[in-house]
Amino acid sequence: METVIHIRGDERAASDVFKKEKPSLFSVFSSQLHKIGGEDSRKFIHSIKVGLALVLVSLLYLVRRLYDQVGDNAMWAIMTVVVMFEFYAGATLSKGLNRGMGTIVGGGLGCLAAFLARQVGKSSRAVAIGVSVFIFGSLATYARMIPSVKKKFDYGAMIFILTFNLIAVSGARVEEIIKLTIERLITIAMGFTICIFVNLLIFPIWASDELHGALVDKFDCLARSIEDCLQEYFNLIDNEKSETSSKPNGCLSVLYSKAKDESLANFARWEPWHGKFGFRYPGNKYLHIAKLLRELAASVFALKEFLHSHTQWSPPCSKMAIKEPCEALGTILSFILTELGDCIFKTRKYQAQELVASKLHSTRLILSLALSDSKIMKVENGNDAISGGLLVSFVISLMNIANKVEALAKEVEELGVVASFPQ
């Protein structure tokens, strides 16, 4: 029988070591900052730009001469910088112009409503203002639910509701309503100018460039996914554990990219002339290609899940019969996707669409001949019907992927024409 002796000194030493190894709040915070900055230095640059914009707009309060000119309305300039300064230059322009239009239209209609309310007499003034607030507030709120308006002018409609209510209600008590509106509009314009100056002139971050790079990454991601999918499936012939099974599926990132792509394209429409595109930025074409890439990602992901679920039903000899043509088709598809992404990255025209169609047609023909080989349908263990049907489904899914890649090649070729890419 063994005897266990507890030594208090060792427990205390272990406790001291644990206390020493526990990281402090400052070290955790600094490590997170370093991690964020290392992943994307633009985040650090954006933070510095926001701080600089806040310092500049605060001068309206801190400098006596400027404060004497704008007074307490300087708060509107500070609020404008806080709510309007966005990561992308196009997003800042979009919010700024929406805020300006909402303020002008809301202020103008608010002044008109306040003026008309004063004409009806004191007894009915509150009723007139309430009716006008109800009508314009309801109409603007309904307009915000229209998809086309919500996508581009949702923020402007919200600012319109806010400004109209403030001006119309204040007009019932304040006599110098027009002067108040003009002063607030001027201070908002000051905040907008500071945001534009800092965001567009100091290391601007363009949403159009982000969308351009994201589209290229999608092509590379899907090219790797197709290769990994086929490699994993045929590696199981020798009962080997596939190395790619533990890799994260990149198709999911492509599948869930719709919201970000549409947001970037919307911001890109507001951006001024810059870079290699000028005023001919093909945002709509990019969105269409991104849609086709999501459809391709869905097909690849479905094929991968199908293979994981039905691997045990496919005999090794049946797989071997189609292994070579399947791997050849996968190599061609991966090469085409990589080439398409490279053409978009380098902004050059893709002129091999006919050659791509010819290669895919010949490879699909070879695969069809291999599939129709009688050896695949040979009875081996009583499950020949199941295994044969699954192999046919696998080949059809792979050919469907080839058709989508061929359609992508055509769209990328058209993109080069629309965007005037050089050859």
Side-chain angles (χ1 to χ4, degrees), residues 147 210-234 236 242 244-266 283-311 313-314 322 326-345 350 353 356-357 360-361 363-364 367 371 389-415:
E210 180 80 7
L211 180 60
H212 182 81
L215 198 67
V216 174
D217 292 338
K218 289 182 178 65
F219 280 98
D220 295 337
C221 181
L222 291 178
R224 292 192 301 269
S225 296
I226 293 175
E227 285 185 342
D228 294 343
C229 183
L230 294 177
Q231 181 182 359
E232 180 180 352
Y233 180 62
F234 288 111
L236 294 176
S242 175
T244 59
S245 59
S246 59
K247 295 181 180 179
N249 196 330
C251 295
L252 291 178
S253 62
V254 180
L255 281 173
Y256 298 144
S257 63
K258 179 180 179 181
K260 183 179 180 181
D261 291 341
E262 291 180 349
S263 178
L264 290 173
N266 182 41
N284 292 331
K285 199 67 176 177
Y286 273 18
L287 287 179
H288 183 62
I289 293 177
K291 178 184 176 182
L292 295 179
L293 286 169
R294 288 193 298 271
E295 294 176 357
L296 176 61
S299 299
V300 175
F301 182 76
L303 179 63
K304 189 177 182 68
E305 294 300 311
F306 172 82
L307 297 181
H308 282 174
S309 303
H310 302 92
T311 299
W313 292 101
S314 301
I322 61 171
C326 282
E327 289 184 340
L329 181 58
T331 301
I332 293 175
L333 293 177
S334 178
F335 174 78
I336 293 173
L337 288 173
T338 304
E339 182 69 15
L340 293 175
D342 188 63
C343 287
I344 295 178
F345 176 73
Y350 185 74
Q353 201 272 330
V356 166
L360 290 177
H361 177 73
T363 308
R364 281 179 294 197
L367 183 58
L371 184 64
L390 293 177
L391 284 173
V392 171
S393 299
F394 166 73
V395 173
I396 291 176
S397 299
L398 193 59
M399 289 185 175
N400 182 47
I401 291 174
N403 293 335
K404 293 182 183 297
V405 172
E406 187 176 353
L408 270 171
K410 183 178 180 181
E411 291 296 328
V412 172
E413 186 176 13
E414 293 179 1
L415 172 66

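All heavy atoms count here, side chains included; hydrogens, waters and symmetry mates do not. Everything numeric here is computed off the predicted structure, so don't read it as measured data.
For Ser263 (side chain) and Ala259 (main-chain N/O), no donor-acceptor pair under 3.5 Å exists by modelled atom type. The backbone N or O of Ile344 lies less than 3.5 Å from a partner atom in the side chain of His212, making a donor-acceptor pair.
Leu408 pairs in a side-chain contact (heavy atoms from CB on, under 4.5 Å) with only one of the listed residues (Leu222, Ile336, Leu293), which is Leu293. Only one option out of Thr338, Ile289, Leu296 pairs with Phe219 in a side-chain contact (heavy atoms from CB on, under 4.5 Å); it is Ile289.
If you take CD1 on Ile226 and CD1 on Ile332, they are separated by 12.0 Å, rounding to the nearest 0.5 Å. Distance CD/Glu413 to CD/Glu411: 10.0 Å, rounded to 0.5 Å. Atom SG of Cys229 and atom CG of Leu333 lie 11.5 Å apart (nearest 0.5 Å). To the nearest 0.5 Å, atoms CG (Asn400) and CD (Glu295) are separated by 10.0 Å. The CD1 atom of Ile396 sits 8.0 Å away from atom CE of Met399, with the distance rounded to the nearest 0.5 Å. To the nearest 0.5 Å, atoms CG (Asp261) and OH (Tyr256) are separated by 15.0 Å.
Closest non-hydrogen pair, Ser397 versus Leu303, comes out as CB-CD1, 3.8 Å. When all heavy atoms of Ala223 and Ser334 are compared, the closest pair comes out as O-OG, 3.4 Å. When all heavy atoms of Tyr350 and Glu339 are compared, the closest pair comes out as CE1-CG, 3.6 Å.
Counting heavy atoms from C-beta on, the side chains of Ser257 and Lys218 come closer than 4.5 Å.
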Worked verdict on Leu292 versus His288 for side-chain contact (heavy atoms from CB on, under 4.5 Å): CA-CA 6 Å; Leu292 295 179; His288 183 62; 4.1 Å; yes
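Remark: Asp217 pairs with no residue by the salt bridge (charged side-chain N to carboxylate O under 4.0 Å, His left out) rule, at least two apart or across chains.
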